[in-house]
*Asks:* 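Okay, handing you the structure first.
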Amino acid sequence: MITTKFTEAFGIEAPIVQGGMMWVGRAELAAAVSNAGALGIITGLTPGSPQLLREEIARAQDLTDKPFGVNLTILPSISPPPYDEYRQVIIDSGVKIVETAGSNPAPHLPFFHDAGVKVIHKCTSVRHAVKAQDLGVDAISIDGFECAGHPGEDDIAGLVLIPAAADRIDIPMIASGGFADGRGLAAALTLGADGINMGTRFMSTVEAPIHQSVKDHILAATELDTELIFRPLRNTSRVASNSVSREVVEILRNGGQFPDVRELVAGARGRLVYEQGDLEAGIWTVGTSQGLIRDIPTCDVLVSRIVAEAEAVFARMNALMSRASTPTSGVDASALAVSAR
Ligand SMILES: Cc1cc2nc3c(=O)[nH]c(=O)nc-3n(C[C@H](O)[C@H](O)[C@H](O)COP(=O)(O)O)c2cc1C
């Protein structure tokens with residue numbers, strides 16, 4: 001058992017969160033993750049309307065009595081979804097945890113806080129994390145360059161981003177991007193985070209409601225098999241490497257603009273990948289952590305295994321410290337012993 005500021009603040013057993021995932025973060029996955037003692041998250045925009053989100057939340061409430069959250073991704077758009085209505089559905093449904101991402105959560109915070117909803121804000125830079133903390137969010141999810149989806153434009157990987165953020169963040173903070181096993185959890189805790197957030201790893205579980213061929217593809221893929229699309233538009237997104245994503249990269253590299261790739265990147269085409277398993281149907285999201293994924297376990301097995309692996313890492317580190325404290329070394333191991341908080 002690993003107890004951290006995050007597990008205590010959010011009432012969960014394992015310091016592991018399943019991040020919002022468009023087309024993937026459905027009730028059955030979120031409930032399975034929460035039933036495993038971690039924090040499952042329904043992706044608010046996936047059901048398609050505020051009313052359908054209400055039904056999705058109700059479905060998760062039937063499947064678990066553990067805490068789960070809803071992701072509200074607020075991206076710039078010409079015709080934005082009715083975010084205020086989504087927010088009200090979350091509040092009315094009695095959900096007590098929200099993951100915000102994409103842009104400044106300030107307009108939504110007073111409503112959530114008045115309703116007793118805790119907000120985890122996911123962002124990709126220390127400056128945005130500090131700003132969100134100043135705004136009064138309840139936790140930070142700091143997403144490194146390794147991540148699936150939007151890594152931002154700074155290209156700072158977790159090894160620097162996590163401790164740099166930890167130096168400035170006092171509220172609970174989880175590390176995101178590139179985590180897939182207990183070594184990663186132990187590393188995140190060591191770097192100053194209070195837990196981890198994972199997307200790609202949870203896609204490759206029994207309960208993830210996506211086509212088996214997507215899961216099998218992730219198993220076979222390596223850390224090299226992603227593309228960064230929309231780089232020249234400064235709206236970078238890390239996605240699976242396929243003929244569609246490579247074409248998008250090529251068009252934009254050659255000076256193309258969004259209208260030139262609009263049809264290729266259509267969300268409806270990406271959705272087909274997850275639903276029908278045609279890996280070339282469109283753009284689909286995955287992170288570099290696919291290079292660490294070797295099996296498709298249940299969420300329960302995965303969460304217990306990650307915690308056990310992290311505990312084993314800490315035990316091994318403690319043993320190294322003990323060895324270092326033999327009389328000839330002159331090192332006081334008890335002062336250096338590693339422990340999970
Ligand atoms: C299929 C997929 C869809 C995603 N969609 C969203 C989304 O709609 N909103 C969001 O905030 N993050 C989204 N993410 C990002 C995850 O919540 C998480 O931050 C990211 O996956 C962490 O990196 P990892 O994949 O290396 O674990 C998505 C990730 C994946 C794999």
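Each ligand, and each atom within it, is numbered from 1 in the order the structure gives.
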*Asks:* Trp284 and His211: aromatic ring centres closer than 6.0 Å?
*Replies:* no
*Asks:* Using non-hydrogen atoms of the residue, decide whether Tyr274 is closer than 4.0 angstrom to ligand 1.
*Replies:* yes
*Asks:* For ligand 1, is there an atom lying under 4.0 Å from some heavy atom of Met203?
*Replies:* yes
*Asks:* Test salt bridge (charged side-chain N to carboxylate O under 4.0 Å, His left out) on Lys5 and Glu8; report intermediate values, then the result.
*Replies:* CA-CA 5 Å; Lys5 273 198 304 196; Glu8 285 172 345; over 6 Å; no
*Asks:* Checking a contact table here: which protein heavy atom is nearest atom 5 (N) of ligand 1, and how many Å away?
*Replies:* Met22 N, 2.9 Å
*Asks:* Under 4.0 Å from ligand 1, counting heavy atoms only, is it the side chain of Asn71, its backbone, both or neither?
*Replies:* side chain
*Asks:* Should Gly149 be listed as contacting ligand 1, given a heavy-atom distance under 4.0 Å as the test?
*Replies:* no
*Asks:* Can you tell if the side chain of Pro15 reaches within under 4.5 Å of the side chain of Phe6, non-hydrogen atoms only?
*Replies:* no
*Asks:* Side-chain donor-acceptor contacts of residues 172-189 below 3.5 Å, not counting sequence neighbours, with atom names and distances?
*Replies:*
| from | atom 1 | to | atom 2 | distance (Å) |
| --- | --- | --- | --- | --- |
| Ser176 | OG | Asp143 | OD1 | 2.6 |
| Ser176 | OG | Asn197 | ND2 | 2.9 |
| Asp181 | OD1 | Arg183 | N | 3.1 |
| Asp181 | OD1 | Gly184 | N | 3.1 |
| Asp181 | OD2 | Arg183 | NE | 3.2 |
| Asp181 | OD2 | Arg183 | NH2 | 2.7 |

*Asks:* Using distance alone, with no hydrogens and no angle criterion, decide if Asn35 and Thr64 have a side-chain donor and acceptor under 3.5 Å apart.
*Replies:* yes
*Asks:* Under 4.0 Å, heavy atoms only, figure out whether ligand 1 is touched by the backbone of Cys147, its side chain, both or neither.
*Replies:* both
*Asks:* Identify the protein heavy atom lying closest to atom 29 (C) of ligand 1, giving its residue, its atom name and the separation to 0.1 Å.
*Replies:* Met21 CG, 3.5 Å
*Asks:* Return the closest protein heavy atom for atom 27 (O) of ligand 1 as residue, atom name and distance.
*Replies:* Gly199 N, 2.8 Å
*Asks:* Going by atom types alone, do Asp216 and Gln212 pair a side-chain donor with an acceptor below 3.5 Å?
*Replies:* yes
*Asks:* What residue and heavy atom of the protein are closest to atom 14 (N) of ligand 1, and at what distance?
*Replies:* Gly20 O, 3.1 Å
*Asks:* Could you check whether Ser289 and Arg201, counting side-chain N and O atoms only, form a donor-acceptor pair closer than 3.5 Å?
*Replies:* no
*Asks:* Between Arg238 and Phe145, is NZ or CZ placed under 6.0 angstrom from the six-membered ring centre and within 45° of the ring axis?
*Replies:* yes
*Asks:* Relative to each other, are the rings of His108 and Phe112 parallel, tilted or perpendicular (30° and 60° limits)?
*Replies:* tilted
*Asks:* Please confirm whether Asp143 comes within less than 3.5 Å of ligand 1 when only nitrogen or oxygen atoms on both sides are compared.
*Replies:* yes
*Asks:* At what distance is the nearest protein heavy atom to atom 19 (O) of ligand 1, and which residue and atom is it?
*Replies:* Lys122 NZ, 2.9 Å
*Asks:* List the closest protein heavy-atom neighbour of atom 26 (O) of ligand 1: residue, atom name, distance to the nearest 0.1 Å.
*Replies:* Gly178 N, 2.8 Å
*Asks:* Tell me whether Leu279 shares a hydrophobic cluster with Leu219, the cluster being built from Ile, Leu, Val, Met, Phe, Trp, Tyr side chains joined at under 4.5 Å.
*Replies:* yes
*Asks:* Is there a donor-acceptor contact under 3.5 Å linking the side chains of Thr298 and Asp300?
*Replies:* no
*Asks:* Which of the atoms of ligand 1 are close to Ala101, meaning less than 4.0 Å from one of its heavy atoms?
*Replies:* 11 (O)
*Asks:* Going by the atom numbers of ligand 1, which of them fall below 4.0 Å from some non-hydrogen atom of Met198?
*Replies:* 27 (O)
*Asks:* Do other residues, nucleotides or ligands put more than 12 heavy atoms under 6.0 Å from Lys215 NZ?
*Replies:* yes
*Asks:* I need the atoms of ligand 1 closer than 4.0 Å to a non-hydrogen atom of Asn197, numbered in the order shown.
*Replies:* 18 (C), 19 (O)
*Asks:* Starting from atom 9 (N) of ligand 1, locate the nearest protein heavy atom and write down its residue, its atom name and how far away it is, to 0.1 Å.
*Replies:* Thr73 OG1, 2.7 Å
*Asks:* Would you mind checking which non-hydrogen protein atom is closest to atom 25 (O) of ligand 1, with the distance to 0.1 Å?
*Replies:* Thr200 OG1, 2.6 Å
*Asks:* Where does Ala148 meet ligand 1, judged by heavy-atom distances below 4.0 Å: at the side chain, the backbone, both, or neither?
*Replies:* both
*Asks:* State the atoms of ligand 1, each with its element, that fall below the 4.0 Å cut-off from a heavy-atom position in Ser176.
*Replies:* 19 (O), 22 (C)
